[in-house]
Trainee: 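Okay, here's the structure, questions in a sec.
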Amino acid sequence: MWTTFAATVGGSAASLTGLTFIVVAFRFDVVATSQEYRNRAAQTVSLFLTTTVTASLVTLPQPTWALGVELLVAAASASLLSVLDHAARRGTSQHARPVLVVALVVFAAGIAAAGLFATVGSTDGMGFYAASSLLGLMWGVYGTWVFLTQAGTDQINAVANVHDQPGTASAA
């Protein structure tokens with residue numbers, strides 16, 4: 001019953017993974033020199049790949065209990081997203097943004113809940129999978145948008161602020 005939905009989500013996540021690679025390549029000068037943006041890029045790609053892999057698992061013909069075990073493993077591997085978030089903030093005074101922490105927990109918990117239902121042979125928990133998949137797509141698009149629109153702007157703003165300070169000479 002969930003095969004068509006999962007195929008659609010998986011195809012979307014796979015396509016968005018490719019788009020993320022293009023955006024990172026487009027902003028490579030900034031991403032390559034920033035620990036934060038490298039880890040954010042890895043986090044976004046991992047998010048899309050988790051969404052793609054879980055969609056593939058749902059479409060795979062197999063016993064429901066096997067799907068459950070696989071979804072539980074995928075939910076545990078989603079903890080990599082938290083590790084990458086921490087690595088992105090390392091060396092900065094930034095704190096984890098509550099909305100992203102909640103999104104991470106809900107994403108992993110939805111996959112785990114679907115896995116728990118499936119391990120006992122029930123597909124009643126697939127709505128949790130669906131919610132997590134859609135959250136994963138939205139969160140990943142947000143991350144890609146950040147690369148496209150914000151990567152490097154902190155450096156540009158810092159240079160602009162120095163030139164706007166009284167007593168500084170313009171380079172022009």
Side-chain angles (χ1 to χ4, degrees), residues 1-24 31 35-90 92 94-151:
M1 181 166 101
W2 288 94
T3 303
T4 303
F5 173 81
T8 302
V9 166
S12 298
S15 297
L16 289 167
T17 301
L19 175 64
T20 302
F21 277 104
I22 291 169
V23 168
V24 168
V31 174
Q35 173 182 321
E36 176 184 4
Y37 287 121
R38 280 192 312 273
N39 284 296
R40 294 282 177 221
Q43 186 181 39
T44 301
V45 169
S46 296
L47 179 67
F48 283 142
L49 288 176
T50 300
T51 304
T52 302
V53 168
T54 56
S56 298
L57 296 173
V58 171
T59 61
L60 187 67
Q62 62 181 325
T64 304
W65 67 265
L67 171 63
V69 171
E70 293 163 352
L71 289 176
L72 288 171
V73 170
S77 70
S79 65
L80 172 64
L81 299 169
S82 179
V83 170
L84 291 168
D85 177 61
H86 179 71
R89 291 182 285 104
R90 190 176 312 138
T92 71
Q94 295 177 359
H95 297 287
R97 288 189 259 169
V99 69
L100 294 180
V101 171
V102 169
L104 169 64
V105 170
V106 170
F107 177 73
I111 294 169
L116 286 172
F117 273 92
T119 57
V120 296
S122 173
T123 58
D124 292 342
M126 292 306 287
F128 294 114
Y129 157 75
S132 288
S133 296
L134 295 175
L135 176 62
L137 290 175
M138 290 185 297
W139 182 14
V141 168
Y142 168 77
T144 302
W145 180 254
V146 167
F147 293 125
L148 187 61
T149 61
Q150 295 178 13

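All values below were derived from every heavy atom in this structure, side-chain atoms included, with hydrogens, water molecules and symmetry-related copies excluded.
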Trainee: State, to 0.1 Å, how close Ala7 and Thr59 come at their nearest heavy-atom pair, and which atoms those are.
Mentor: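 That closest heavy-atom pairing would be N-CG2, 3.7 Å.
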Trainee: From Asn39 CG over to His86 NE2, what is the distance, rounded to the nearest 0.5 angstrom?
Mentor: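 Atom-to-atom, Asn39:CG and His86:NE2 are 10.0 Å apart.
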Trainee: Would you list the atom pairs, donor with acceptor, under 3.5 Å between side chains in residues 46-57 and any protein atom, with sequence neighbours excluded?
Mentor:
residue : atom : partner : partner atom : Å
Ser46   : OG   : Ala42   : O            : 2.8
Thr50   : OG1  : Ser46   : O            : 2.8
Thr51   : OG1  : Leu47   : O            : 3.0
Thr52   : OG1  : Ala14   : N            : 3.4
Thr52   : OG1  : Phe48   : O            : 2.9
Thr54   : OG1  : Thr50   : O            : 3.0
Thr54   : OG1  : Thr51   : O            : 3.1
Ser56   : OG   : Thr52   : O            : 3.0

Trainee: Heavy-atom distance under 4.5 Å between the side chains of Val58 and Thr3, does that happen here?
Mentor: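 A side-chain contact under 4.5 Å is absent here.
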Trainee: Treating Gln43 as the side-chain partner and Leu84 as the backbone partner, does any N or O pair qualify as donor plus acceptor under 3.5 Å?
Mentor: no
Trainee: Identify the two heavy atoms, one from Ala114 and one from Met126, that lie closest to each other, and give their separation to 0.1 Å.
Mentor: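 Looking at all heavy atoms of both residues, the closest pair is CB-SD, 4.4 Å.
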Trainee: Rounded to the nearest 0.5 Å, what's the gap from CG on Leu100 to CZ on Arg40? Could you check?
Mentor: 7.0 Å
Trainee: Are any of the side-chain heavy atoms of Leu116 and Leu72 separated by less than 4.5 Å?
Mentor: yes
Trainee: Quick one: are Thr119 and Val69 in side-chain contact, heavy atoms under 4.5 Å?
Mentor: yes
Trainee: Does the side chain of Gln62 come within less than 4.5 Å of Glu70's, by heavy atoms?
Mentor: yes
Trainee: Might you point out which heavy atoms bring Phe5 and Ser133 nearest each other, and give the distance in Å?
Mentor: CE2-CB, 4.3 Å
Trainee: For the residue pair Ser132 and Gly110, what are the closest heavy atoms and their distance?
Mentor: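 For Ser132 versus Gly110, the nearest heavy atoms are OG-CA, 3.0 Å.
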Trainee: Taking atom CG of Leu16 and atom CD1 of Ile22, what is their separation to the nearest 0.5 Å?
Mentor: 10.5 Å
Trainee: Between CD1 of Ile111 and CG of Leu135, what distance do you get to the nearest 0.5 Å?
Mentor: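 Answer for the CD1-CG pair, Ile111 versus Leu135, is 9.0 Å.
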Trainee: Please confirm whether the backbone N or O of Gly11 pairs with a side-chain atom of Ser15, one donor and one acceptor, at under 3.5 Å?
Mentor: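 Indeed, once roles are kept as given, a pair shorter than 3.5 Å links the two residues.
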Trainee: Distance from Leu67 atom CG to Trp2 atom CH2, nearest 0.5 Å?
Mentor: 12.0 Å
Trainee: Kindly give the heavy-atom pair with the smallest separation between Phe107 and Gly136, and that separation in Å.
Mentor: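 For Phe107 and Gly136, the tightest heavy-atom pair comes out as CE1-CA, 3.7 Å.
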Trainee: Are the side chains of Tyr37 and Val24 in touch, meaning some heavy atoms are under 4.5 Å apart?
Mentor: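 No, their side chains stay 4.5 Å or more apart.
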Trainee: Under the ring-ring contact (aromatic ring centres under 6.0 Å, His included) test, which residues partner Trp139, sequence neighbours left out?
Mentor: none
Trainee: Specify the closest pair of heavy atoms between Gly143 and Thr44, including all atoms of both residues, with the distance to one decimal.
Mentor: CA-OG1, 3.9 Å
Trainee: I'd like to check Trp65 versus Val120 (side-chain heavy atoms, cut-off strictly below 4.5 Å). Are they in contact?
Mentor: no
